[in-house]
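Take a look at the structure below.
Fair warning: this is a prediction, and the values are worked out from it, not measured in the lab. Sequence lines set the chain letters: A, B, ... in the order given, protein chains first and strands last, and positions in each chain run from 1.
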Protein chains: 2
Amino acid sequence: MQIGDLSRETGVNIETIRYYERSGVLPPPARQDNGRRVYDAADVRRLGFIRHARDLGFDLQSVQTLLALQEQPQASCADASRIAQAQLDEVERRIARLQNLQLELSRMVTECRKGVVAECRVIEALSTPLS
Amino acid sequence: MQIGDLSRETGVNIETIRYYERSGVLPPPARQDNGRRVYDAADVRRLGFIRHARDLGFDLQSVQTLLALQEQPQASCADASRIAQAQLDEVERRIARLQNLQLELSRMVTECRKGVVAECRVIEALSTPLS
DNA sequence: CTTGCTCCTGTAGTCACTACAGGTTGTAGC
DNA sequence: GCTACAACCTGTAGTGACTACAGGAGCAAG
């Protein structure tokens, strides 16, 4: 299985796969005689894991820790749990922040009477420091 | 007023102010004989506007458009309204996405029994493709 | 034997900053 | 006048997680 097949199977961009290898989150694969990378089913699983963790907002550093943990089934999963909890906290902070933005933006938009800039609530709201 | 004063008054990092100038979102200020930048009250307002818009998640491109609009009080504010609406849509998409993550992460965390990795729900959830 | 696809390496670009190196200028104290 | 030291200057590089591209090699089909 070549890099293109792995890309198609996981939906991960070829350049991104090579980038993951460079950053150490994917192990350097075997090579064919012509120098092309060869992957197997384990790489598909590993890349799926990475993709899923990235989608959940984990950074590559955390992904690498989680992957290392996954490969030691007898280790304590306290670290994994701690990383996930930290990520959950972060997600909740982001949600709260975005909900504030949502409120402010929707006020701006609904109060805009589509007139001229001089009376525009959007522009005015941006010009006014937050109370 | 020098760059350090502007920085203190707006809370914007000096390096960031110079970066805004480089990227064209702040106009190149006048210079003293010694080459130092001089700012006035209009720059404080402009930078406050930029800061506020950035806090609301507008990218510098949009900020520049909004600033240009602000300086044409007789123009239609349809553009400003459109940009704000697009930003609102984007914020709402991000909130929805983050709420999915929150659900998935909190399931992971509450189902983790703090045992070994082999039975860890966090690791398992990451290994399992999304349904 | 040419076309076109996939692959390779290495480098640079993206966004919005941030940091640092190496230099000049201004100010305050002695 | 001398010495510190802060504040400023330019220019460049680093961040994270990619993405894009240049320039080349290998391989299969027509």
Side-chain angles (χ1 to χ4, degrees), chain A residues 1-26 28-40 43 46-67 83 86-87 90-91 94 97 101, chain B residues 1-26 28-40 43 46-67 83 86-87 90-91 94 97 101:
Chain A
M1 174 179 216
Q2 303 199 147
I3 198 165
D5 307 309
L6 180 62
S7 171
R8 267 182 299 280
E9 230 167 280
T10 58
V12 177
N13 197 320
I14 290 183
E15 316 261 23
T16 306
I17 295 173
R18 287 196 282 249
Y19 168 72
Y20 285 163
E21 182 183 333
R22 271 203 308 286
S23 21
V25 69
L26 266 183
R31 301 282 185 142
Q32 288 172 351
D33 288 352
N34 54 23
R36 298 191 175 189
R37 292 169 176 82
V38 214
Y39 297 98
D40 59 18
D43 294 306
R46 194 176 177 109
L47 191 49
F49 185 102
I50 296 169
R51 199 62 265 167
H52 192 184
R54 288 287 306 125
D55 284 347
L56 285 169
F58 292 96
D59 59 23
L60 282 184
Q61 174 77 317
S62 304
V63 174
Q64 205 161 353
T65 309
L66 289 168
L67 268 167
I83 293 172
Q87 186 59 23
E90 176 60 29
V91 165
R94 277 191 227 164
R97 204 175 126 67
L101 304 192
Chain B
M1 174 179 216
Q2 303 197 147
I3 198 167
D5 307 308
L6 180 62
S7 171
R8 267 182 299 279
E9 230 169 280
T10 58
V12 177
N13 198 318
I14 290 183
E15 316 261 25
T16 306
I17 295 173
R18 287 197 281 249
Y19 168 72
Y20 285 163
E21 181 184 334
R22 271 203 307 287
S23 20
V25 69
L26 267 183
R31 300 282 184 141
Q32 290 172 349
D33 288 351
N34 53 25
R36 298 191 176 188
R37 293 169 175 82
V38 214
Y39 297 98
D40 60 18
D43 293 306
R46 195 177 177 110
L47 190 48
F49 185 101
I50 296 170
R51 200 62 264 167
H52 191 183
R54 289 285 305 125
D55 284 347
L56 285 169
F58 293 97
D59 60 22
L60 283 183
Q61 174 77 319
S62 303
V63 174
Q64 204 160 356
T65 308
L66 289 167
L67 268 167
I83 292 172
Q87 185 60 20
E90 176 61 28
V91 164
R94 277 191 227 164
R97 208 174 122 67
L101 303 192

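Residues satisfying the side chain to side chain donor-acceptor pair (under 3.5 Å) criterion with Arg18(A), sequence neighbours excluded, are absent altogether. For Asp40(B), the salt bridge (charged side-chain N to carboxylate O under 4.0 Å, His left out) test picks out no residue, with sequence neighbours left out. With sequence neighbours excluded, the residues satisfying side chain to side chain donor-acceptor pair (under 3.5 Å) with Ser62(A) are Asp59(A). Judged as a side-chain contact (heavy atoms from CB on, under 4.5 Å), and not counting sequence neighbours, the contacts of Tyr39(B) are Met1(B), Ile3(B), Leu6(B), Ile17(B), Glu21(B), Pro29(B), Arg37(B), Asp43(B). The side chain to side chain donor-acceptor pair (under 3.5 Å) test applied to Arg94(B) returns Glu90(B), not counting sequence neighbours. Residues meeting the side chain to side chain donor-acceptor pair (under 3.5 Å) test with Arg54(A), sequence neighbours left out: none.
Using a 4.0 Å cut-off on heavy atoms, the residues of residues 4-18 of chain A that approach DNA chain C are Gly4(A), Ile14(A), Arg18(A), listed by number.
Taking the nucleotide of DNA chain D with the nearest heavy atom to each of Arg22(A) and Asn34(A), the more 5' of the two is matched to Arg22(A).
Atom CZ of Arg37(B) is separated from atom C1' of dG26(C) by 17 Å (rounded to the nearest Å).
For residues 6-15 of chain A, the side chain to side chain donor-acceptor pair (under 3.5 Å) pairs, not counting sequence neighbours, are Asp5(A)-Arg8(A).
Residue Phe58(B) is classed as having no contact, given no heavy-atom separation below 4.0 Å to the nucleic acid.
Nucleotides of DNA chain D with any atom under 4.0 Å from a heavy atom of chain A span, from 5' to 3', dA17(D) to dC27(D).
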